[in-house]
Amino acid sequence: MASEWRKLPLSLAELCIDTTLRCGQSFRWRKINNEWHCVLSNRLITLTQSPTHLLYKSTLPAINPPSEESTLPLLQSYFSLIVPLSQLYTQWSTTDPNFARRCPSFTGIRILNQDAWETLISFICSSNNNISRISSMVNNLCLHYGPYITSISGEPFHDFPSPEALSGPEVESHLRSLGFGYRAKYIADTAQIISQQRPKGWLDQIRNPAVPPADNPKFHPGEKATYRKAHEALLELTGVGPKVSDCVCLMGLGWWESVPIDTHVWQIAQRDYNFGGKGKGKTFTKGMYESVGDHFRKIWGEYAGWAQSVLFTANLKSFAEQAKTGKKAKKEEQQENGDVVVETEVVKREVVKVVKNEELTVSRTRKRKAVKEEESQQQDEDVKMEDVMDGLTLSSQLSQVSTTSTTTRRVSKRIKARESQ
DNA sequence: TAGCTGCCTGGTCG
DNA sequence: ACGACCAGGCAGC
């Protein structure tokens, strides 16, 4: 049964849920008729926002319901409302002219204090992937392995599955059939490591002691936990590299100085912060990864990850309109309802497709493998690509280089070699 | 150890 | 229609 709406005074400068819940931090929030829905800590949360208030209500499950009173502290911690966001924007704008230029259209973006385990699995899914597909994969994990909570107009909502629930012997093959690809093994392996080879509560032991889990304010922090140690500890898990590790540190463990460097942030570093004069075009090494992060930490300070997420969002394609000018805000507001409905329906359709077309996708994969084996002379294609690349500007070549296409990498390497002759 | 390559899939673009 | 590339990387050489 749903509770009544409750109000929390909060300005849009302190939190904008329309931006924060869509910018690739959490992949489970769904917007239906101007209301945001997500299961957090064993209850369905529903949110909407006015210029002066955050409105929230909860729907509790029939089995083992949490108390109504626990929802407010849960949300306050989940959104880290203790952190004075507009003050931080002012501070970053003072020390960083680029931030000052980009931030006006992107106020109210907060780092979510998400469950560490969910964050870990979600970002293992994120490699070589896009937001809508990550969302459908995470939704599938919940539908197949997470506990049912409640339904909204026939639509079921499940909580995120536990490590134990994802540790079964059939998990990898099942996830493959659901379209997880090579990430299926990473998820299954990580679930087994966490549930069998780590002490209970291990993820919370490596948290920032100053930032308790949203659903457990009185947790027992680990001794001498540091950001660096947490980062390294996560790297030992399967499917977790430096970028995914930093995402978990920032959004799941309260290490707010963590700055995840993905291909977009690397582009921002080069374009707006004059980074990598010598090493540009080179593959992104671990050393470079650390120095870019350290550079941003020097500029933005102890909340560097928060500042990064503002610039990251401003750089997202799906926010391109918003980036142009803040004056278009009214226009967007009018379009927003329609847009978002379309968006959620796309995700829904994808889920259905994935569930239904298991065999189709498998056969397509096999076909692709077969085709690949036949084309032993990749060289011809490279030469064609080279002609195309010759027509591109240097800057666009550089942005191409930072992508993951092996063909493009090979070609750009060749162009570089030719240039240096 | 730095650099390279393959990887699952779905969407987009020419 | 169709192929190349892209989408918030990572593991294994």
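Sequence lines set the chain letters: A, B, ... in the order given, protein chains first and strands last, and positions in each chain run from 1. Not measured: the values here are computed from a predicted model.
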Between C1' of C:dC10 and CD1 of A:I187, the distance in whole Å = 13 Å

request  = Ignoring the backbone of A:T285, work out which of C:dG8, C:dG9, B:dG3 is nearest its side chain.
outcome  = B:dG3

key: Any donor-acceptor pair under 3.5 Å from A:Q322 side chain to A:S105 backbone   = yes

inquiry  = Please determine whether a side-chain nitrogen or oxygen atom of A:R176 lies at a distance below 4.0 Å from atom OP1 or OP2 of B:dC8.
reply    = yes

message = Taking donor-acceptor contacts at under 3.5 Å, does the side chain of A:N129 reach the base of C:dG8?
response = no

request  = Would you kindly give the NE2-to-P distance between A:H264 and C:dA7, to the nearest whole Å?
outcome  = 5 Å

note = A:M137 atom CE is separated from B:dC7 atom P, nearest whole Å, by 17 Å

note = One should read off an interatomic distance between A:L316 CG and A:L311 CG, to the nearest 0.5 angstrom, of 11.5 Å

ask   = Taking A:Q25 for the side chain and A:M251 for the main chain, is one N or O donor matched with an acceptor at less than 3.5 Å?
value = no

message = Quick check for you: among B:dC8, C:dA7, C:dC10, whose closest atom lies nearest to any side-chain atom of A:V244?
response = C:dC10

ask   = C:dG8 P sits how many Å from A:R183 CZ, rounded?
value = 12 Å

query = Looking across every strand, which nucleic acid part, if any, lies under 4.0 Å from A:C125 by heavy atom: base, sugar-phosphate, or nothing?
reply = nothing

query = Toward the 5' end of DNA chain C, which comes first, A:K317 or A:S245, by nearest nucleotide?
reply = A:K317

Measure all distances between protein nitrogen or oxygen atoms and nitrogen or oxygen atoms of nucleotides 11-13 of chain C, and list the pairs falling under 3.5 Å.
residue: C:dA11; atom: OP1; partner: A:L237; partner atom: O; Å: 3.4
residue: C:dA11; atom: OP1; partner: A:G239; partner atom: N; Å: 2.9
residue: C:dA11; atom: OP1; partner: A:V240; partner atom: N; Å: 3.1

task = Determine the interatomic distance between P on B:dG6 and the same-named atom on C:dA4; round to the nearest Å.
result = 15 Å

note = For DNA chain B, the expected dot-bracket line (Watson-Crick or G-U under 3.5 Å, [ ] crossing, | inter-strand) is ..|||||.||||||

ask   = Is NZ or CZ of A:R30 both nearer than 6.0 Å to the six-membered ring centre of A:F157 and within 45° of the ring axis?
value = yes

message = When the C1' atoms of C:dA11 and B:dT1 are compared, how many Å lie between them, rounded to an integer?
response = 15 Å

key: Test item: A:F79 and A:L112 side chains (from C-beta on) under 4.5 Å apart, heavy atoms   = yes

key: Residues A:N208, A:W256; criterion side chain to side chain donor-acceptor pair (under 3.5 Å); working and verdict   = CA-CA 9 Å; A:N208 183 348; A:W256 291 331; over 6 Å; no

message = Please report the distance, rounded to the nearest Å, between CD in A:Q25 and P in C:dG8.
response = 15 Å

ask   = Between A:Y186 and A:F180, is the gap from one ring center to the other below 6.0 Å?
value = no

query = Given A:R28, which of A:Q114, A:H37, A:H158, A:E118 fulfils the side-chain hydrogen bond (donor to acceptor under 3.5 Å, both in side chains) condition?
reply = A:E118

ask   = How many Å lie between CG on A:L250 and P on C:dG8, as a whole number?
value = 17 Å

query = Given the P atoms of B:dT5 and C:dG8, what is the spacing between them in whole Å?
reply = 24 Å

task = Let me know the distance between CG of A:L120 and C1' of C:dC10, rounded to the nearest Å.
result = 14 Å

Output field: ring centroids A:Y89/A:Y303 closer than 6.0 Å = no

key: A:I121 CD1 to C:dC10 P, straight-line distance once rounded to whole Å   = 14 Å

query = Is any side-chain N or O of A:K243 under 3.5 Å from a base N or O of C:dG9, one able to act as donor and the other as acceptor?
reply = no

task = Would you confirm whether A:T90, through its side chain, and A:S86, through its main-chain N or O, come within 3.5 Å as a donor-acceptor pair?
result = yes

task = Go through C:dG9, B:dC8, C:dA7 for me and flag the one nearest to the A:D262 side chain.
result = C:dG9

